[in-house]
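Below is one structure, written out as structure tokens; the observations come after it.
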Amino acid sequence: MGEGIIYKALSGFYYVKSTHETVECRARGRLRLEKNSPLVGDTVLFSPTEKGKGSITEILPRKNSFVRPPIANIKKLIIIVSDAIPVTDKFLIDRMIAIAEVSDCEPVICINKIDLAPADELYEIYHSSGFDVVRTSAKSGDGIGELTELIRGVTCAFTGNSGIGKSSILNAIDPNFGILIGEISKKLGRGRHTTRHVELYELSCGALVADTPGFSAFDCGHIADKDKLHFLFREFEPFIGECKFLDCAHMDEPDCAVTMALDKGIIQKSRYESYRRLYTQALEYKEWEHKK
């Protein structure tokens, strides 16, 4: 019996990297019957069947998992944003942060293209809200060392708008990343199988990285019930339970500790506006409409 991490999934095959080897595996039928399909990032037990091949017998407990992209055990979500072209919508940033928070995954805000726009406002919003924020320029190399230290040795995913510079940043961290991606693209063929291809890449700093789709594709389902949503805004935490009403939604209720903190400038206006928008979406969500 061996143990390893799934670093690639393609067309029903799972490539498991253990201490000594990489094994091409299929999942045991029992896992499929239990609707517990393995995901890239899973730590699994496998039984060798022949040289270089095996069968996954057990999926060890997950820290978290995502539907889009299908991946598990992400420790940090690196959210690439910009105040230049393209300018990132703050609501999309806050939505990604909420997805990370509900998944027990640490969000890191990476403000790229600071050679074009320093993004002081963006930095202040997220730094004052309690997040790790790093400003980078893939072009000049500014901030790349700081970002490298934030991801060193951890499994993480990079996400952001198309054209935001994800690949450029990863190439700046490790020039071999681009070579590796190019080799994979050649093997798969342009566009062929790419929607089913998920892979973790090991960078020279020891990070395992998933280069994910943009904001519109990353886990775009329901995030949380309306009464749990305020826990996903970490700067709200000191004020939860301090409102006049125990079931306060922090919308338009009187004597709300959250909105009073907003008025005092303790909570950032854009963050609160994102909360209101997500709360309205959660209020409109009907679970029975989404059951298969």
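Hydrogens, waters and symmetry mates are skipped; everything else that's a heavy atom, side chains included, is used.
Of the possible donor and acceptor atoms, none in the side chain of E21 sits under 3.5 Å from a partner among the backbone N and O of K17. Here the side chain of D132 pairs no donor or acceptor atom with the backbone of V108 at under 3.5 angstrom. Remark: the backbone N or O of I85 is paired with a side-chain donor or acceptor of K113 at under 3.5 angstrom.
I223 and I240 fall within the same hydrophobic cluster, where Ile, Leu, Val, Met, Phe, Trp and Tyr residues are linked whenever their side-chain heavy atoms come under 4.5 Å apart, directly or through other members. Under the 4.5 Å side-chain heavy-atom criterion for Ile, Leu, Val, Met, Phe, Trp and Tyr, L45 and Y15 are members of distinct hydrophobic clusters. In this structure, F13 is a member of the same hydrophobic cluster as I71, with clusters built from ILVMFWY side-chain heavy atoms closer than 4.5 Å. Both F231 and L229 are members of a single hydrophobic cluster when ILVMFWY side chains are connected at heavy-atom separations under 4.5 Å. Hydrophobic clustering of Ile, Leu, Val, Met, Phe, Trp and Tyr side chains at less than 4.5 Å, counting indirect connections, keeps L39 apart from L200.
Once rounded to the nearest 0.5 Å, the distance linking CG of D42 with CD1 of I56 reads 8.0 Å. Once rounded to the nearest 0.5 Å, the distance linking OG1 of T159 with CD1 of I74 reads 11.0 Å. Rounded to the nearest 0.5 Å, atoms NZ (K51) and CD (E24) are 14.0 Å apart. Note: I125 CD1 to F131 CZ = 11.5 Å, rounded to the nearest 0.5 Å. Atom-to-atom distance recorded for D225:CG and L283:CG is 11.0 Å, nearest 0.5 angstrom. Going from atom CG of L150 over to atom SG of C110 covers 9.0 Å, rounded to the nearest 0.5 Å.
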### Residues Y14, R26; criterion side chain to side chain contact (heavy atoms under 4.5 Å, CB included); working and verdict
CA-CA 6 Å; Y14 303 93; R26 288 280 198 177; 5.9 Å; no
### Task
Tell me, with the steps shown, if E237 and E235 meet side chain to side chain contact (heavy atoms under 4.5 Å, CB included).
CA-CA 5 Å; E237 187 174 347; E235 64 270 45; over 6 Å; no
### Task
Give the C-alpha distance, both sets of side-chain angles, the deciding distance and a yes or no for side chain to side chain contact (heavy atoms under 4.5 Å, CB included) between F66 and N64.
CA-CA 7 Å; F66 298 92; N64 53 39; 4.0 Å; yes
### Task
Apply side chain to side chain donor-acceptor pair (under 3.5 Å) to the pair N176 and Y201, showing each step before the final yes or no.
CA-CA 10 Å; N176 288 322; Y201 310 99; over 6 Å; no
#### Entry: Verdict with supporting geometry, T88 and N161, side chain to side chain contact (heavy atoms under 4.5 Å, CB included)
CA-CA 7 Å; T88 309; N161 294 104; 3.5 Å; yes
### Query
Checking side chain to side chain donor-acceptor pair (under 3.5 Å) for the pair Y275/R271: CA distance, chi angles, key distance, verdict?
CA-CA 6 Å; Y275 167 79; R271 289 279 292 162; over 6 Å; no
#### Entry: CA sep, side-chain torsions, deciding dist, call: N112, T136, side chain to side chain donor-acceptor pair (under 3.5 Å)
CA-CA 5 Å; N112 195 31; T136 62; 3.0 Å; yes
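The minimum heavy-atom distance linking C105 with K76 is given by the pair SG-C, 3.7 Å. When all heavy atoms of A207 and I151 are compared, the closest pair comes out as CB-O, 3.2 Å. The shortest non-hydrogen separation linking M251 to E253 is N-OE1, 2.8 Å. V16 approaches C25 most closely through the heavy-atom pair CG2-SG, 3.9 Å. The minimum heavy-atom distance linking K75 with V154 is given by the pair CD-CG1, 3.9 Å. In terms of heavy-atom proximity, C156 sits nearest to I78 at CB-CG1, 4.4 Å.
By the 6.0 Å and 45° rule, K166 does not stack over the aromatic ring of F158.
In this structure, I111 and D83 have side chains that are not in contact, with every pair of non-hydrogen atoms separated by 4.5 Å or more. Using a 4.5 Å cut-off on side-chain heavy atoms (C-beta onward), S82 and V87 make no contact. Side-chain contact check for P86 versus I164: some heavy-atom pair is nearer than 4.5 Å. Y126 has its side chain within reach of D94: a pair of non-hydrogen atoms, C-beta onward, lies under 4.5 Å apart. Inter-residue side-chain proximity for L77 and M96 is flagged as met; some heavy-atom pair is nearer than 4.5 Å. Residues F245 and C256 have side chains not in contact (no heavy-atom distance under 4.5 Å, counting atoms from C-beta outward). Contact of the D255 side chain with the C243 side chain is not registered, since no non-hydrogen atoms from C-beta on lie closer than 4.5 Å. I109 places a side-chain heavy atom less than 4.5 Å from the side chain of V81.
Under 3.5 Å, the side chains of R28 and T57 contain no donor-acceptor pair of N or O atoms. Remark: the Y279 side chain and the D227 side chain contain no N/O donor-acceptor pair separated by less than 3.5 Å. For the residue pair S137/D142, the side-chain donor-acceptor check at 3.5 Å is not satisfied. Looking at N73 and T155, their side chains never bring a donor and an acceptor atom within 3.5 Å of each other.
The pair E106-R234 counts as a salt bridge, with a side-chain nitrogen and a carboxylate oxygen less than 4.0 angstrom apart. Ion pair R95/D89 not flagged as a salt bridge, since none of the NZ, NE, NH1 or NH2 atoms sits closer than 4.0 Å to an Asp/Glu carboxylate oxygen. R135 has a carboxylate O that lies under 4.0 Å from a charged side-chain N of D120, or vice versa, which qualifies the two as a salt bridge. With respect to R276 and E273, no salt bridge is recorded, no charged nitrogen being found less than 4.0 Å from a carboxylate O.
Listed by chain and number, the residues in a side chain to side chain contact (heavy atoms under 4.5 Å, CB included) with E124 are S128, Q268 (sequence neighbours excluded). Partners of F46 according to the ring-ring contact (aromatic ring centres under 6.0 Å, His included) rule, which considers only residues two or more places apart in sequence or in another chain, do not exist here.
Ring geometry for H250 versus F236: interplanar angle over 60°, hence perpendicular rather than tilted (30 to 60°).
The neighbour count for K228 NZ, taken as heavy atoms of other residues, nucleotides or ligands under 6.0 Å away, does not exceed 12.
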